[in-house]
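One structure below.
Lettering of chains follows the sequences in order, A, B, ..., and the numbering in each one begins at 1.
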2 protein chains.
Amino acid sequence: MEYIDKLRNSGLRPTKQRLQICEVLFNTEKTFHFTINELKKRIKEKTHNKISLATVYNTVHAFEKKGYLKQIPINSNQTYFDTNITDHHHFYDLNDQKLIDLENSDVGPINIKKKIDGKRIKSVEVLVKLED
Amino acid sequence: MEYIDKLRNSGLRPTKQRLQICEVLFNTEKTFHFTINELKKRIKEKTHNKISLATVYNTVHAFEKKGYLKQIPINSNQTYFDTNITDHHHFYDLNDQKLIDLENSDVGPINIKKKIDGKRIKSVEVLVKLED
DNA sequence: CACTTATTTAGAACCATTATAAACTACAGT
DNA sequence: ACTGTAGTTTATAATGGTTCTAAATAAGTG
């Protein structure tokens with residue numbers, strides 16, 4: 001029920017597919033990172049229900065636009081998303097190709113001194129690359 | 001001549017194509033950002049010589065592996081590279097889809113408190129997203 | 001219930017990137 | 001200079017993530 005309101009309040013119709021995707025994405029103890037293909041697999045495992053690839057793409061993009069998901073800026077052949085939408089940063093393990101969350105307390109305050117007229121800062125993201 | 005040595009010292013044969021790409025990439029007053037396609041176009045303009053797409057890819061990857069180029073971690077349909085290999089950060093203008101360099105002095109020191117056993121920090125990159 | 005509009009879907013299209021395999025080139029050894 | 005070998009270039013095909021399309025379906029409204 002809670003997701004129905006969440007979707008309605010965003011101007012998104014609460015369809016069966018979107019509700020199922022909400023369950024997989026947001027009804028979890030911890031936040032997590034995922035690619036579209038990983039999400040599609042999780043949906044099939046958790047709901048025993050196949051949602052078409054196009055719908056998964058549509059929904060993830062809709063959720064991102066509404067601010068329920070964040071894209072993680074990283075160069076990879078696949079796009080990574082994060083269900084943790086709070087301001088936080090990432091380790092990226094180059095050897096294992098794995099993303100690890102950094103708590104906010106793990107990174108000291110970041111001071112951006114430069115300003116650009118007419119533009120405001122939307123986000124500040126730090127990517128720390130690790131290697132063995 | 002200088003590029004011949006640079007390449008030889010890296011274990012890369014100084015071929016005609018690689019030397020031409022060196023000219024375009026490194027014989028400039030300022031560093032710059034580019035995609036593979038932009039680079040290919042620059043090569044054709046500057047050298048009046050066509051280098052095959054595969055070679056541009058090969059060379060850029062070889063140079064990146066040797067540390068002469070950096071990939072910029074940003075989500076875009078194309079991969080961005082940077083001829084500025086010093087530690088520095090970026091603005092990304094979401095409206096204009098343009099990358100802007102941040103000088104090191106534009107960003108205060110970044111303190112990563114978390115450590116992961118057996119891994120060392122290779123780089124710390126900050127991406128500041130801007131909007132109107 | 002009827003109507004409009006949003007959503008889902010399978011499949012096609014797109015396009016950056018990578019793989020392939022044949023021709024070519026740098027270079028070390030003779 | 002010749003030869004052989006390993007590295008490089010090249011056109012083209014293949015790959016694969018993402019987006020587009022158009023028809024079928026479902027949600028919301030009166």
Side-chain angles (χ1 to χ4, degrees), chain A residues 1 3-25 33-44 47 49-66 68-69 71-81 97 99, chain B residues 1 3-25 33-44 47 49-66 68-69 71-81 97 99:
Chain A
M1 295 303 106
Y3 296 129
I4 293 184
D5 296 340
K6 180 174 180 165
L7 290 170
R8 275 226 186 79
N9 294 337
S10 317
L12 297 171
R13 289 187 181 170
T15 63
K16 181 164 57 79
Q17 290 87 343
R18 282 178 181 159
L19 290 168
Q20 285 178 348
I21 293 175
C22 276
E23 286 293 330
V24 175
L25 288 178
H33 310 130
F34 64 92
T35 63
I36 295 288
N37 279 311
E38 285 166 6
L39 177 57
K40 194 160 184 295
K41 207 157 67 178
R42 277 188 194 227
I43 292 166
K44 207 159 64 182
T47 70
N49 208 313
K50 194 181 145 292
I51 296 182
S52 90
L53 183 60
T55 300
V56 180
Y57 272 101
N58 288 341
T59 304
V60 165
H61 287 147
F63 286 4
E64 193 211 351
K65 197 171 289 175
K66 296 297 177 185
Y68 302 142
L69 291 173
Q71 229 181 308
I72 304 174
I74 197 177
N75 287 116
S76 164
N77 52 331
Q78 287 180 87
T79 306
Y80 275 83
F81 293 90
Q97 293 205 56
L99 271 169
Chain B
M1 296 304 104
Y3 296 128
I4 292 184
D5 295 339
K6 181 175 181 163
L7 290 170
R8 276 226 184 79
N9 293 338
S10 318
L12 297 171
R13 289 188 180 171
T15 63
K16 181 164 58 76
Q17 291 87 342
R18 283 178 179 159
L19 290 168
Q20 284 178 346
I21 293 175
C22 277
E23 286 292 330
V24 175
L25 288 178
H33 310 131
F34 65 91
T35 63
I36 295 288
N37 279 311
E38 286 166 5
L39 177 58
K40 193 161 185 294
K41 206 157 70 178
R42 278 188 193 228
I43 292 165
K44 207 159 64 182
T47 70
N49 208 311
K50 195 182 144 293
I51 296 182
S52 88
L53 183 59
T55 300
V56 179
Y57 271 100
N58 288 340
T59 304
V60 165
H61 287 147
F63 285 5
E64 193 210 351
K65 195 171 292 178
K66 296 298 176 185
Y68 302 143
L69 291 173
Q71 230 182 307
I72 303 174
I74 198 179
N75 286 116
S76 165
N77 53 332
Q78 286 180 87
T79 305
Y80 275 83
F81 293 90
Q97 293 205 57
L99 271 170

Whole Å only: how far is the NZ atom of A/Lys65 from the P atom of C/dA6?
14 Å
Does D/dG28 have OP1 or OP2 sitting under 4.0 Å from an N or O in the side chain of A/Arg8?
yes
For A/His61 and C/dT7, give me the distance from atom NE2 to atom P, rounded to whole Å.
16 Å
Look at the aromatic rings of A/Phe81 and A/Phe34 and report parallel, tilted or perpendicular, splitting at 30° and 60°.
parallel
Please state how far atom CG in A/Leu19 lies from atom C1' in D/dA27, giving the value in whole angstrom units.
12 Å
Whole-Å distance separating the CZ atom of B/Arg13 from the P atom of C/dC24
17 Å
Does a side-chain N or O from A/Thr79 land closer than 4.0 Å to OP1 or OP2 of D/dG17, or not?
no
For B/Ile51 versus B/Gln17, what's the shortest heavy-atom pair and its separation?
CD1-O, 3.8 Å
For the side chain of A/Thr59, counting heavy atoms from C-beta on, which of C/dT17, C/dT9, C/dT8 is nearest?
C/dT8
Between A/Glu23 and A/Tyr3, which heavy-atom pair has the shortest distance, and what is it?
OE2-CE1, 3.4 Å
Look only at the side chain of A/Arg18 and the backbone of A/Arg13, and say whether a donor-acceptor pair between them is shorter than 3.5 Å.
yes
Is the phosphate of D/dT9 approached by B/Thr15 (side-chain N or O, under 4.0 Å from OP1 or OP2)?
yes
Answer yes or no: side-chain N or O of A/Arg18 and base N or O of C/dT7 forming a donor-acceptor pair under 3.5 Å.
no
At under 4.0 Å, does any side-chain N or O of A/Lys16 touch on OP1 or OP2 of C/dT9?
no
Write down the distance between CD (A/Gln78) and C1' (C/dT18), rounded to a whole number of angstrom.
15 Å
Which is true for A/Thr35 with a 4.0 Å heavy-atom rule: it touches a base, it touches only sugar-phosphate, or it touches nothing?
nothing
Report yes if at least one side-chain N or O of B/Thr55 is closer than 4.0 Å to OP1 or OP2 of D/dT8; otherwise report no.
no
Between B/Lys50 and B/Leu12, the residue closer to the 5' end of DNA chain D by nearest nucleotide is B/Leu12
Could you tell me whether the side chain of A/Thr59 reaches within less than 4.5 Å of the side chain of A/Tyr68, counting heavy atoms only?
no
Rounded to the nearest Å, what distance is computed from the CD1 atom of residue B/Ile4 to the P atom of nucleotide C/dA26?
10 Å
Without decimals, in angstroms, what is the distance between A/Tyr3 OH and D/dA27 C1'?
21 Å
So, is B/Tyr57 close to the C/dT17 phosphate, meaning a side-chain N or O under 4.0 Å from OP1 or OP2?
yes
Measure the distance from CD on A/Gln17 to C1' on C/dA6 and round it to the nearest whole Å.
12 Å
Please tell me which of the listed nucleotides, D/dT9, D/dG28, C/dT17, lies nearest to the side chain of A/Pro14?
D/dG28
